[in-house]
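Because the structure is predicted, anything quoted here is derived from the model rather than measured. Within every chain, numbering begins at 1; the chains are lettered A, B, ... in the order of the sequence lines, protein sequences first and strands thereafter.
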Amino acid sequence: MTAITRDEVAHLARLSRLALGEDELDHLAAQLDQIISAVARVQEVAAQDIPPTSHALPLSNVYRADEVRPSLPPEQALGGAPAAEEQRFRVPRILGEEA
Amino acid sequence: MSDLTRKTAAELAGLVASGEASAVEVARAHLERVAAVDGQVHAFLHVDEEAVLAQARAVDERRAAGERLGPLAGVPIAHKDVFTTADMPTTAGSKILEGWRPPYDATVTARLRAAGLVILGKANMDEFAMGSSTENSAFGPSRNPWDLTRVPGGSSGGSSAAVAAYEAPLATGTDTGGSIRQPAAVTGIVGVKPTYGGSSRYGVIAFASSLDTPGPFARTVLDAALLHEAFSGHDPMDSTSIDAPVPPVVEAARRADVAGLRVGVVKELAGDGYQPGVLARYREAVELLESLGAKVVEVSCPHFGYALPAYYLIAPSECSSNLARFDAMRYGLRVGDDGTRSAEEVMALTRAQGFGAEVKRRIMLGTYALSSGYYDAYYGKAQQVRTLIKRDFEAAFEQVDVLVSPTTPTTAFPIGERADDPMAMYLADLCTIPANLAGVPAISVPCGLAEPDAAGGEGGGLPVGLQVMAPVLADDRVYRVGAAVEKALEDRWGGPLLAKAPELAEAAQ
């Protein structure tokens, strides 16, 4: 029995915003199936009454004072941008043709 | 070759402070070593000679002006390429960030500079710190100075290789599932994962935020402690940073005494799947601790066997969320922006081209574990296992002061052996992951060379690491035990383990 199907892997790639080729999907499907089967072992020991731990140490929210502080100037903020225009990030169209 | 590259960080800082050597001389010696051997080792992704010398000159000027320098001023360091540096490219080993110049320094970077450390360059790593060999670096693997056909461990394998090859006496790393301790173990040096939150994550390119922990590499336990102290401590820029004093790690490294200390041998971290040569050195190290006056008992941590599967759900889940920021919009690579494609198409094309195979695997695995319908069965269960592992540690530390295990199940494996076998690669972190899930500090110190196995000698003559784990914020204990083991073994060996490594051929300059 497989833990994950090839179709599910293709769906995951879409959710993950990864435009993967057919060969890559085939290869990943087999590997993910193996990994998911192995990590499913966590289900053997985790009973319902055990609280989850999301973090190594107990933490509560940390607040800082709400005061104005210097931030990155625009030229630095845009310094690594693939494309910039008029002091803004230039991005491809965000709506699809059908919209 | 200059003798300066064989000295410890503490010795080098002493020479600079006393004026017996200038920081520039020390930097030059290390730059020459990098030029001579890094063609073979490939520890560095970026070295800018002029910038290195300028940093060293600044240290010399501070000294000339009468300033009292810190205990590591003028000492060169290899800086893992996961820490942002405003004056050097920062790639995290990924094509998606190739050539990126961050607009700011990580807190660890800023503290290295303030302490007068001279950043030699950026060290190679597995892409986004995902891996145990550096084979996942988009810029080619680093090599183990003990045997250039083998991996130096990972993800901080450029850091371990640089220190083991005498290219730098110190290096930074990050440890999410073992990425400092495992490379330290397989290259015969010292590596420490501090208590989670003891060192700042600000400016560390995120992999798994609840686990990522910056820490030191060095050739001696004392040097590691000095570096640990130099960059650790509370950082208001990191919301998970612990607001408490840095544990007295330097004092502990100098104390190097285990008399009366209760040492627990973790029953579950040995046995099947462990290389016999590793287990032999490990058992000797445990006997050594006993002979030094420690009280050794066996301790059971029944859920440690579930740490690896829990980690490979938790870390990929956090990674799938963290790496969503690489969207081809604000920085990094952009592919296929031809005026016809939508932002989403460009994003998916860019990520498919910019990320390597392991990063894609983990993003998809995390996306799966977090998706509705699977969340409870995978991510939720893994978080419950995390609780069980924390409880195992808590119960153990009621009986003993520290826990010990081998750092890795095997010695350094050949480059290519596990490259396309993710489950085999993941096993390299079998012993190190529990400490990450619980946030506790842990060290790896060299404890000898594995003898060739009767089966055919695979992995013989290569370094083995002893792992020591302590409770949260008891980082000093791992240094205390590590230094005691180091001292006793060096007395026995007549010098450090690394002295047994073959000399690398130096390229003509």
Self-check item: Interface moiety of S320(B) toward chain A, non-hydrogen atoms closer than 4.5 Å
Solution: neither
Quiz item: Where on F355(B) is there a heavy atom nearer than 4.5 Å to chain A: the side chain, the backbone, both, or neither?
Solution: side chain
Quiz item: Got T53(A) and Q383(B) here, is their nearest side-chain heavy-atom distance under 4.5 Å?
Solution: no
Quiz item: T84(B): what forms a side chain to side chain donor-acceptor pair (under 3.5 Å) with it, not counting sequence neighbours?
Solution: none
Quiz prompt | Residue among S371(B), A310(B), P302(B), A348(B) with most heavy-atom pairs under 4.5 Å to chain A | solution = A348(B)
Practice problem: Examine whether an atom of I36(A) lies under 4.5 Å from a heavy atom of chain B, and if so say whether it belongs to the side chain, the backbone or both; otherwise answer neither. | Solution: both
Practice problem: Kindly indicate whether the side chain of S342(B), heavy atoms from C-beta on, has any atom under 4.5 Å from the side chain of R93(A). | Solution: yes
Quiz item: L78(A) versus chain B, heavy atoms under 4.5 Å apart: side chain, backbone, both or neither?
Solution: neither
Quiz item: Do Y104(B) and Q76(A) have side-chain heavy atoms sitting under 4.5 Å apart?
Solution: no
Self-check item: Per-residue contact mode, A438(B) against chain A (heavy atom under 4.5 angstrom)
Solution: backbone
Quiz prompt | Proximal component of Q353(B), with respect to chain A [non-hydrogen, under 4.5 Å] | solution = neither
Quiz item: Does the side chain of Q31(A) come under 3.5 Å of the side chain of D421(B) through a donor N or O and an acceptor N or O?
Solution: no
Self-check item: Least distance between heavy atoms, I94(A) atom then A343(B) atom
Solution: CG2-CB, 4.0 Å
Exercise. For chain A, find its close neighbours in residues 94-103 of chain B: heavy-atom separation under 4.5 Å, sorted by number, or none.
Key: W100(B), P103(B)
Quiz prompt | Contacting moiety of A328(B), where chain A heavy atoms sit under 4.5 Å | solution = backbone
Quiz item: Pick from P52(A), A77(A), A81(A): which one has the most heavy-atom pairs with chain B under 4.5 Å?
Solution: P52(A)
Quiz item: Under a 4.5 Å heavy-atom cut-off, does chain B meet the side chain of R64(A), its backbone, both or neither?
Solution: neither
Quiz item: Are side-chain heavy atoms of L32(A) and Y368(B) found at a separation under 4.5 Å?
Solution: no
Quiz prompt | Sub-4.5 Å side-chain heavy-atom contact between I35(A) and P422(B) | solution = yes
Quiz item: Which one, L313(B), L349(B), V346(B), leads in non-hydrogen pairs under 4.5 Å with chain A?
Solution: L313(B)
Quiz item: Checking Q48(A) against chain B: side chain, backbone, both or neither under 4.5 Å from a heavy atom?
Solution: both
Self-check item: Interchain contact, D420(B) with chain A, by part (heavy-atom threshold 4.5 Å)
Solution: both
Which atom pairs, one a donor and one an acceptor, fall under 3.5 Å between side chains of residues 7-19 of chain A and the rest of the protein, sequence neighbours left out?
| residue | atom | partner | partner atom | Å |
| --- | --- | --- | --- | --- |
| E8(A) | OE1 | T5(A) | N | 2.9 |
| E8(A) | OE1 | T5(A) | OG1 | 3.3 |
| E8(A) | OE2 | Y374(B) | OH | 2.7 |
| S16(A) | OG | L12(A) | O | 2.7 |
| S16(A) | OG | T367(B) | OG1 | 3.1 |
| R17(A) | NH1 | R14(A) | O | 3.0 |

Self-check item: Qualifying ring-ring contact (aromatic ring centres under 6.0 Å, His included) pairs with a residue from residues 38-69 of chain A, counting only residues at least two apart or across chains
Solution: H55(A)-Y196(B)
Self-check item: R334(B) side chain reached by V91(A) side chain, heavy atoms, under 4.5 Å
Solution: yes
Quiz item: Which atom pair, heavy atoms only, marks the closest approach of A56(A) to G439(B)?
Solution: CB-CA, 3.5 Å
Self-check item: Per-residue contact mode, L437(B) against chain A (heavy atom under 4.5 angstrom)
Solution: backbone
Quiz item: Checking Y426(B) against chain A: side chain, backbone, both or neither under 4.5 Å from a heavy atom?
Solution: side chain
Quiz item: Which atoms of I242(B) come close to chain A, meaning under 4.5 Å heavy atom to heavy atom: side chain ones, backbone ones, both, or neither?
Solution: side chain
Quiz item: Between F89(A) and M329(B), is a side chain to side chain contact (heavy atoms under 4.5 Å, CB included) present by the stated rule, with each step listed?
Solution: CA-CA 7 Å; F89(A) 296 102; M329(B) 299 299 138; 5.9 Å; no
Quiz prompt | Side-chain donor/acceptor of Q384(B) to backbone N/O of P51(A), under 3.5 Å | solution = no
